[in-house]
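The structure appears right after this line, and notes come after that.
All figures in this text were calculated on a predicted structure; none of them were measured in a lab. In what follows, every heavy atom counts, from backbone to side chain, and hydrogens, waters and symmetry copies are set aside. The sequence lines fix the lettering, A, B, ..., with proteins before strands; numbering per chain opens at 1.
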Amino acid sequence: MPAYRPEEIEKKWQAHWKEHSTFRAQNNSEKPKYYVLDMFPYPSGAGLHVGHPLGYIASDIVSRYKRLQGFNVLHPMGFDSFGLPAEQYAIQTGQHPALTTEKNIDTYIKQLSSLGFSYDWEREIRTSDASYYKWTQWIFLKLFNSWYNLDTNRAEPLTALTAHFAERGSEGINAAGDADERQVFTAGQWQLFTEQQKLAAVHPYRLAYQQDTYVNWCAGLGTVLSNDEVKDGLSERGGFPVERRLMPQWNLRITAYADRLLQGLDNLDWPDAVKEMQRNWIGRSVGASVRFPVFLDEESASFVVRHQQPEHIEVFTTRVDTIYGATFLVLAPEHPLTLQLGQRAYEINTANPEGETTWRNLQSYVEQAKNRSERDRQADAKTITGAFTGFYARNPFTEKDIPVWTADYVLAGYGTGAVMAVPSGDQRDWLFATHFGLPIVQISDAQKDLDKQADPTKEGHYVNSGDINGLTYKEATEQLLGTLDATGTGEAKVTYRLRDAIFGRQRYWGEPIPIYYKDGTAYGIAESDLPLVLPEIDEYKPTETGEPPLGRAQNWLYRGQYPYELSTMPGWAGSSWYYLRYMDPTNEARFVSEEAEKYWGTVDLYMGGAEHATGHLLYARFWYLFLKDLGFVSATEPFQKLINQGMILGRSNFVYRLDFTWHKTHGVDFTFPQVFISHDLVLQYKSASKQEKTVIEDFVFSQFNKAVDEINLANPEIGIAISAVKFDPFHPWHVDVNIVENDILDQIAFRKWRDDLSDAILILNKEGNYICGVEIEKMSKSKYNVVNPDVLIGKYGADALRLYEMFLGPLEQYKPWNTNGISGVGGFIKKFWRLFHPEDGALAVTDEPATPAELKALHRAIQKVQEDIEKFSFNTSVSMFMITVNELTALNCHKRAILEPLVILLSPYAPHLAEELWLELGHEAGSISSARYPEFREEYLVEANVVYPIAINGKVREQMQFAAAATGTEIETAVLASDFLARFGEGKSAKKVIVVPGRMVNVVV
RNA sequence: GCGGAUAUGGCGAAAUUGGUAGACGUGCCAGACUUAGGAUCUGGUGCCGCAAGGCGUGUGGGUUCGAGUCCCUCUAUCCGCACCA
């Protein structure tokens, strides 16, 4: 083999690995196991861009390295192949999503293979295969048939629950979930229940249950979305508005696991950011719930206590200590008591002349709040709105009747949907009280400026607070909790922000939920009838009657008579357990065999994007804990070590169009900054050398800056920034690079273009109509800034691309893509190749013994590369390879004793090249991946002499050489004996000499 | 507002964890060779200065013989959450 030809050797070795199943993992082995997992991709139509492989390359290096270290490595890949884009494509074109998906997967496999990843492709899985989703459905049925026992703190089969019902009725059951949803009955009553009644009684206990739930309904997508699929009131995919709607929905009771999901985080080796995000998402807050009685009495005009049994409004607070300052209550508009008690108050209290107005206002407010979309609510967060309900509740501590209001700053979904408002201690309550003229009571002597704002301080001692006057925060809280408990008005309580996960989607391309209905009751289909295969339909849209697309399926009935559930599972269902299936992907009898699960255990290294921090990673942990409760898996957590590879950002080119009406409508008078570029300058620029271009660019840039500064000075209220991204009034106009260059560029006349730009720079044309900008952002097809790896592989080879992506910088960091440096690793590969083929001809490796210098270079590399891989610092090991090759080239080293171990070192990074050279070195059989990582021998690094920097007061002045064995005292004596002090000491004498053996010497004068 | 992270040459970044700041790579400058190319090779390149030397790791302070690294202050940028009671 003469010259280095990546296109030949890479194809050859990829075929070889496939043919010989080189990377097949065995389910039992004497070797220790190591499980390296990549987050499997959704196979989108756009294929891979250079950002995708970053994590895959890193995990592949680890996999290959671990094999060299003697591990039995499981490194699989598969596809999260249910999902929205294929379905939307299907709606538009009629093409079956399965076909689109399959085509896309083929592209992905081709692209992934061309990068030389060492996946065990025999374990490939696709979540949309019936053989896979059979088990996703099976897990759903397990959830459906389980409940969460708080006494044992784990999920248990429903049979345990029904046995209890039969024996003792609903008494003594301590189950996770909302007790209000559940019936109270005796064992005797249970016995008399019909089958349907029994199922109805059991349903609210299930871990997969159906319930009327406020959901994020996205009309644009025709489906329900989970919280993490909604961003700023718009759907994450597509950006359609999302509204809240009450719909019957399948839910998974993830809230039962809130505490375990929180606690489990502590022992995981995950990035702090991800752990923190999960903690926030779970949102545990410790506080108390307090019941405020509401007395409604027929004869009362003022709602004073009479004889009737009061209703109770239960509130949740994290600051019971402020309860004496609670001067009113606020209910969420959706709170059932808001209208219910409001109406009763109105009807009973006919004596009140304002009763009617109050009631009308209340009704219209609640109605309005219901119709407002989530986005409107968020947009209006600063506007204070609310309505008096017409009734009062009694503060159990002050014994005063306080008005009950409703306002949409109180969320129905959090806590109890009701709060006690303490305007002196909470800014929102303060604003509300100020707005509506409600009383503000100081409760702590440390509170200041209550006429301007609330002061939530926990310092000081309480005032105006009955029994807790004079106490501190801690004492007061303790005492009040005690009182609540003793009087039965409340108790200490922990609340979570985490909501149960909505599980149904009104879509076609997902796993059918294995439920059927008999007389309106939901039944799980028998496990023996799994999989419930996704039926064929003629169109992928919802039906005319508004049913999900599955409503179009003909004769789709369970056992020929019962209708199936028509919604399908969400995208995260299949991805919540796929890593388990890789362990035993073809097992038809079980989702994973016991032996395989025990052998592979937990994922040792999980590589993927940070965008899954609260979605996938939380759901997967939830399913794992559930499976663990039922005894199907053996470890405590599914992913021990997690690394988020940073995103590689692309460069987008924009043209911004000015909105010349904006400043008029805002009553601001200003001239927009304009930089006029002469036509001559443009021509000059086009023919300029690189250096000249920079000069011109800087000139234009400074002109523009000046213009902006002037505008800002003249109009302080506008505050124009140099970055286009911040130009709110000027709505960006995304334009394809090609369109810019061909159609508009000439009109723009000039562009500022620099690689180090992270924000846009704006240039106007002569008419002042267009601004062109550059922005570094996420690579995405919709932004026309995708760099396809195929092109680079074609030009430099996969090995070069692998090395280059690793060389870009630390793995976790976000970085702009920039191909400037790829020629550097290209040069390195050529130099490396030349060590083996000095004359560009046949292999010229000699068997001469290695010199100490050569051995030193090699062993330094062995040590450094090993350390770097262990700490996932791949960029520095690429540097080390370069240094080593530079040194060996300088030493003119072509010796087998050095080069053979070096090839093994490099093989995880540049596997094709390494295999080829390994073969040339005479290893005819097998693959370099079955070689052993060379052993590091420290003795080769030891030098006879060490060069010490000699500093005076910390400033290095000179270098001196000493024997490596020299002691500190010897060195100190030698330094003082030399003319060092005479030359640099400025006539002073040494006060102290610090010698760090092997490092440096510092003389203090 | 709350939480997390980051800040080092023109650029991507190193720094043995408190010990010669800027390795390696790009870019740039000069040179060699050339069939003139975005090839290859050699040397130089943090900033100021002719030099000696001085200054340099976002800002200001501190600890230390010695600080990019440890402590405190401030600033900027990025990310996540957000009327969560």
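- Looking at the side chain of R999(A), the nearest of the listed nucleotides rU17(B), rG4(B), rC24(B) is rU17(B).
- Between the side chain of N280(A) and the main chain of G283(A), no donor-acceptor pair closer than 3.5 Å is present.
- Side-chain contact annotation: Y365(A) with T389(A), donor-acceptor N/O pair under 3.5 Å absent.
- The Y414(A) side chain lies nearest to rA85(B) when the options are rA85(B), rG4(B), rA23(B).
- rA15(B) and rC84(B) have their C1' atoms separated by 44 Å, with the value rounded to a whole Å.
- Listed nucleotides: rA85(B), rC81(B), rG25(B). Nearest to the side chain of W281(A): rC81(B).
- A 3.5 Å limit on both hydrogen-bonding distances identifies no Watson-Crick or G-U partner for rC84(B).
- For the pair D408(A) CG and rC83(B) P, the interatomic distance rounds to 11 Å; values are reported in whole Å.
- Looking at heavy-atom distances under 4.0 Å, V419(A) makes contact with a base.
- Residue L808(A) is classed as a sugar-phosphate contact, given heavy-atom separations below 4.0 Å to backbone atoms only.
- Between Q278(A) and rC81(B) there is no side-chain polar atom (N or O) within less than 4.0 angstrom of OP1 or OP2.
- Using N1 to N3 plus N6-O4 or O6-N4 for Watson-Crick, or N1-O2 and O6-N3 for G-U wobble, each under 3.5 Å, rA30(B) pairs with rU42(B).
- For rU20(B), its base sits under 3.5 Å from the side chain of Q959(A) at one donor and acceptor pair at least.
- Within 4.0 Å (heavy atoms only), L411(A) reaches at least one base atom of the nucleic acid.
- Between the CD atom of E812(A) and the P atom of rG12(B) there is a distance of 18 Å, given to the nearest Å.
- Regarding contacts with the backbone of rA82(B), a side-chain N or O of R497(A) is found under 4.0 angstrom from either OP1 or OP2.
- Spacing between atom CE of M1000(A) and atom C1' of rA67(B) amounts to 12 Å, rounded to whole angstrom units.
- Side-chain N/O atoms of N886(A) include one lying less than 4.0 angstrom from OP1 or OP2 on rG25(B).
- A donor-acceptor pair is defined here as one N or O able to donate and one able to accept, closer than 3.5 Å; no such pair exists between the side chain of R284(A) and the backbone of I282(A).
- In this entry the distance linking CD1 of I952(A) with P of rG53(B) reads 13 Å, nearest Å.
- Cation-pi geometry between K458(A) and Y473(A) is satisfied (NZ or CZ under 6.0 Å from the ring centre, within 45° of the ring normal).
- At a threshold of 4.0 angstrom between heavy atoms, the contacts of P810(A) are confined to the sugar-phosphate backbone, with no base atom among them.
- The gap from the C1' atom of rG4(B) to that of rA21(B) amounts to 29 Å, rounded to the nearest Å.
- In this structure, K493(A) atom NZ and rC84(B) atom P are separated by 17 Å, rounded to whole Å.
- Other residues, nucleotides and ligands place no more than 12 heavy atoms under 6.0 Å from the CD atom of E938(A).
- At a cut-off of 3.5 angstrom, the base of rC65(B) holds at least one donor-acceptor pair with the side chain of N1002(A).
- Side chain of S289(A) to backbone of V315(A): no donor-acceptor contact under 3.5 angstrom is found.
- Using a 4.0 Å heavy-atom cutoff across all strands shown, M277(A) reaches sugar-phosphate atoms only and no base atom.
- Following rounding to the nearest Å, I282(A) (CD1) and rG80(B) (P) show an atom-to-atom distance of 19 Å.
- Candidate nucleotides rG12(B), rA85(B), rG3(B) were compared by shortest atom distance to the side chain of R428(A), and rA85(B) ranks first.
- Note on K275(A): nothing from the nucleic acid sits closer than 4.0 angstrom, heavy atoms only.
- Between the P atoms of rG54(B) and rC65(B), the separation comes to 22 Å (whole Å).
- With both ends at atom C1', the span from rU69(B) to rG58(B) equals 16 Å, rounded to whole Å.
- One P atom belongs to rG61(B), the other to rA51(B), and the distance between them is 30 Å to the nearest Å.
- rG19(B) and rC70(B) have their C1' atoms separated by 14 Å, with the value rounded to a whole Å.
- Judged by atom type and distance alone, S879(A) reaches the base of rA23(B) through a side-chain donor-acceptor pair under 3.5 Å.
- Across all strands, V422(A) comes closer than 4.0 Å to no nucleic acid atom at all (heavy-atom distances).
- Note: CG (N953(A)) to P (rC65(B)) measures 11 Å, nearest angstrom.
- N875(A) comes within 4.0 angstrom of sugar-phosphate atoms only, judged by non-hydrogen atoms across all strands, and of no base.
- Not less than 6.0 angstrom separates the ring centroid of F881(A) from the ring centroid of F832(A).
- Residue contacts shown for V996(A) include a base, since a base heavy atom lies under 4.0 Å away.
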